[in-house]
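Below: one structure, written as structure tokens.
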Amino acid sequence: MEQIIRLFPVYMREQIIASGVFKCALEEIRVRVNEYLMFRICEGERFLRGRVLVSAPDDSCVRMSREDLEQMCTFMSEYSLYAYEEELKQGFLTVQGGHRIGVCGQVSAENGRIRRIWPISYLNIRIAREFKGCARKMVSLLYRDGNFLDTLILSAPGIGKTTLLRDLVRMISVGGSWCFGKKVGLVDERSEIAGSIRGIPQNDVGFRTDVLDGCPKETGMMLLVRSMSPEVLAVDEIGGKEDMDALRYAMRCGVGILATIHSRSLGELWEKPGWEQCRKEKMFSRYLVLEFVSGERAYQVFDGAGQRIAGGSWTDHA
């Protein structure tokens, strides 16, 4: 976590390290001007009191000043916010290690478009959690006769969907006992999966994977199919009609699909506009549903008709 600690003011770093927060399953860090520094781990929220983590804040806990946050902005932009202004307009910045920092604050807009976000008053540091092998229990269920089956991963936010997607991309690309490795085209619109810095992935997504970083999903899917001849196309958080049209185009070209969507269950998914038709078409051959059950991460695998094939617990720790 050395890339994360470097983002904080120097006087604060020793306290954070001594607290042991990096030994926890850290998910995100929230920084707000004049408010408590907040760490979110799998067990809930934690706050920094001296060198100790506590579950409830009080006046002795660390608060972030305007100067603290401005210093963090300087560090995360490598002393040149101007150089990263275009990325910041999108509301986030990816730093070394693949960690994604969401930003919020005063917006300057023109003709309905964001020109600048400054001053930045809020940061959400989302920890890139790369755990190789976390998909090993389910990867073989996504193949038939050596062919990858079009797969949609469903989960509510915060359960590990992107972590699992990253590992599946790597395993499909590298190959193993489940199948030979395949060429993967990855559309990484928000730099969360590969965690690219200047186009170079910071996370291991496999040596047969081509990454299109920072490109809108629908445009990126079409581009990769036309230019890189992927055998499997991977994309995170599909949504509107444009995404669905691009997926259908790739499928017609014989490309396998690995995608994710925010949904708690198949029932909830099929209530979304347009998805009942996808169910009737059996657009996907596999649905992989992630959820928390009795405090554990669980998965269920369904076929294209919605019949359960397998399930069990999984961990985002390899």
Side-chain angles (χ1 to χ4, degrees), residues 1-78 88 91-105 117 119-131 134 155-164 166 190-193 195 197 202-203 262 290-292 295-297 314-318:
M1 290 292 171
E2 63 271 11
Q3 298 97 342
I4 295 297
I5 199 65
R6 290 174 189 162
L7 298 174
F8 285 88
V10 174
Y11 80 90
M12 200 179 293
R13 295 176 186 178
E14 187 178 343
Q15 288 176 266
I16 295 173
I17 294 172
S19 73
V21 68
F22 293 138
K23 297 178 182 178
C24 305
L26 182 61
E27 296 174 356
E28 64 181 29
I29 304 172
R30 294 277 182 167
V31 181
R32 301 175 173 98
V33 171
N34 297 329
E35 297 296 343
Y36 300 110
L37 176 62
M38 180 190 298
F39 301 92
R40 184 165 186 84
I41 61 177
C42 62
E43 291 86 2
E45 297 172 348
R46 296 292 184 270
F47 304 87
L48 187 63
R49 182 192 293 155
R51 298 186 173 197
V52 178
L53 293 178
V54 296
S55 57
D58 58 32
D59 289 341
S60 62
C61 290
V62 172
R63 290 179 183 264
M64 303 300 292
S65 68
R66 166 62 65 187
E67 291 74 19
D68 290 334
L69 197 138
E70 288 180 356
Q71 193 172 44
M72 291 186 69
C73 289
T74 299
F75 292 150
M76 74 187 198
S77 64
E78 299 177 343
L88 290 170
F92 67 90
L93 180 68
T94 303
V95 298
Q96 188 176 4
H99 310 291
R100 181 168 169 252
I101 305 177
V103 303
C104 195
I117 302 178
I120 294 171
S121 301
Y122 310 89
L123 300 177
N124 176 22
I125 305 172
R126 295 186 62 177
I127 308 302
R129 310 177 72 191
E130 184 180 30
F131 294 112
C134 68
S155 86
I159 296 182
K161 169 174 53 63
T162 302
T163 300
L164 185 66
R166 183 185 299 114
R190 294 181 296 183
S191 304
E192 283 191 287
I193 306 168
I197 301 293
Q202 305 295 295
N203 297 317
H262 281 307
L290 309 181
E291 53 194 346
F292 272 122
E296 289 189 327
R297 284 179 167 87
W314 72 285
T315 175
D316 53 3
H317 296 271

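All residue numbers refer to positions in the sequence shown, counting from 1.
Rounding to the nearest 0.5 Å gives a distance of 13.5 Å between NE2 of His99 and OG of Ser191. Interatomic distance, Leu26 CG to Ile41 CD1, rounded to the nearest 0.5 Å: 8.0 Å. Rounding to the nearest 0.5 Å places CD1 of Ile4 at 6.5 Å from CZ of Phe22.
Although no hydrogens or angles enter the test, the distance criterion places a donor-acceptor pair under 3.5 Å between the side chain of Arg166 and the main chain of Glu192. No donor-acceptor distance shorter than 3.5 angstrom exists from the side chain of Arg46 to the backbone of Val54, with no hydrogens or angles considered. The main-chain N or O of Phe92 is never found under 3.5 Å from a side-chain atom of Arg100 such that the two would form a donor-acceptor pair. Judged by distance alone, with hydrogens and angles left aside, the side-chain atoms of Asn203 form a donor-acceptor pair with the main-chain N or O of Ile193 at under 3.5 Å.
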Exercise for review: Quick one: do Arg6 and Glu2 satisfy side-chain contact (heavy atoms from CB on, under 4.5 Å)? Show the steps, please.
Suggested key: CA-CA 6 Å; Arg6 290 174 189 162; Glu2 63 271 11; 4.1 Å; yes
Review point. Given the rule in the side-chain contact (heavy atoms from CB on, under 4.5 Å) test, do Arg32 and Arg63 qualify, once you have shown the distances and angles that lead to the verdict?
Key: CA-CA 8 Å; Arg32 301 175 173 98; Arg63 290 179 183 264; over 6 Å; no
Check your understanding: Can you list the steps and then say if Cys134 with Thr163 is a side-chain contact (heavy atoms from CB on, under 4.5 Å)?
Key -> CA-CA 8 Å; Cys134 68; Thr163 300; 4.2 Å; yes
Exercise for review: Run the numbers on Phe8 and Ile16 for side-chain contact (heavy atoms from CB on, under 4.5 Å), then give the verdict.
Suggested key: CA-CA 9 Å; Phe8 285 88; Ile16 295 173; 3.7 Å; yes
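Residues Leu48 and Tyr36 fail the side-chain proximity criterion, which asks for heavy atoms closer than 4.5 Å. Contact check for Leu53 versus Phe39: side-chain heavy atoms found under the 4.5 Å cut-off.
For the pair Arg66 and Tyr122, the cation-pi test (distance below 6.0 Å, angle within 45°) is failed.
Heavy atoms only, all atoms of each residue included: Gln15 and Gly50 are closest at NE2-O, 3.0 Å. Residues Asn34 and Ser65 share a closest heavy-atom pair of OD1-CA, 4.4 Å.
The existence of a salt bridge linking Arg51 and Glu14 is confirmed by a sub-4.0 Å separation between a basic side-chain nitrogen and an acidic carboxylate oxygen.
Between Arg30 and the options Leu37, Ile125, Asn124, Leu123, a side-chain contact (heavy atoms from CB on, under 4.5 Å) holds for only Asn124.
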